[in-house]
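What follows is one structure encoded as structure tokens, with my remarks underneath.
Below, all heavy atoms of this structure are taken into account, side chains as well, without hydrogens, waters or symmetry copies. Along the sequence shown, residues carry numbers from 1.
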Amino acid sequence: MKKYLVIACLFIAAISLSGCESKNQNTQVSATVDKEGVLTMKSGDVYLLSTEEGIVNITSNKVNLDQYLKKKIKVRGMFSGDTLYVDATLIPEPQEIE
């Protein structure tokens, strides 16, 4: 009787643990985004980029964004929270707003 009870417990444990297999996830998500718009104003270290989708908070430790104030700019970076941290500008020279 004990033998059947042990076998039954092992069988139930094997069935319940079979769903615990590790899944190999090879999907790579790129967190880099491009945004284009007019750099409207600066508040502290954060700039406001006015895009077609709305206002985006941006900042950068790599690019001096002061030269792009009141100009059209395209930037590439990664979001942390609701702020886009700019790694590069994709339009090298500031463009005047028309």
_Option among V33, V56, L90, V86 that satisfies the side chain to side chain contact (heavy atoms under 4.5 Å, CB included) test with V75_ = V86
Supply the atom-to-atom distance [X] [atom1] to [Y] [atom2], rounded to the nearest 0.5 angstrom.
{"X": "Q67", "Y": "T89", "atom1": "CD", "atom2": "OG1", "result": "7.5 Å"}
{"X": "T59", "Y": "Y47", "atom1": "OG1", "atom2": "OH", "result": "7.0 Å"}
{"X": "I58", "Y": "F79", "atom1": "CD1", "atom2": "CZ", "result": "9.5 Å"}
{"X": "D34", "Y": "L84", "atom1": "CG", "atom2": "CG", "result": "9.0 Å"}
{"X": "K35", "Y": "R76", "atom1": "NZ", "atom2": "CZ", "result": "13.0 Å"}

_Greater than 12 external heavy atoms within 6.0 Å of E52's CD_ = no
*Does a sphere of radius 6.0 Å around CG in D45 hold more than 12 heavy atoms from other residues, nucleotides or ligands, not counting ones at 6.0 Å or beyond?*
no
*asked:* For K62, is there an ion pair with D87 - N to carboxylate O distance below 4.0 angstrom?
replied: yes
*Please report the shortest heavy-atom distance between V63 and S60, naming the atom on each side.*
N-OG, 2.8 Å
*Any idea which heavy atoms bring L39 and L49 closest together, and the distance?*
N-CD1, 3.9 Å
_Run the side chain to side chain contact (heavy atoms under 4.5 Å, CB included) test against I55 and tell me which residues pass, sequence neighbours left out._
L48, S50
*Would a distance-only check, ignoring hydrogens and angles, find a side-chain to backbone donor-acceptor pair under 3.5 Å from K72 to V38?*
no
*asked:* When you group the ILVMFWY residues by side-chain heavy-atom contacts below 4.5 Å and let the links chain together, are V46 and M41 in the same group?
replied: no
_I'd like to check the salt bridge (charged side-chain N to carboxylate O under 4.0 Å, His left out) partners of K74; sequence neighbours left out, ordered by chain and number._
none
_Test salt bridge (charged side-chain N to carboxylate O under 4.0 Å, His left out) applied to D66 - qualifying residues, sequence neighbours left out_ = K42
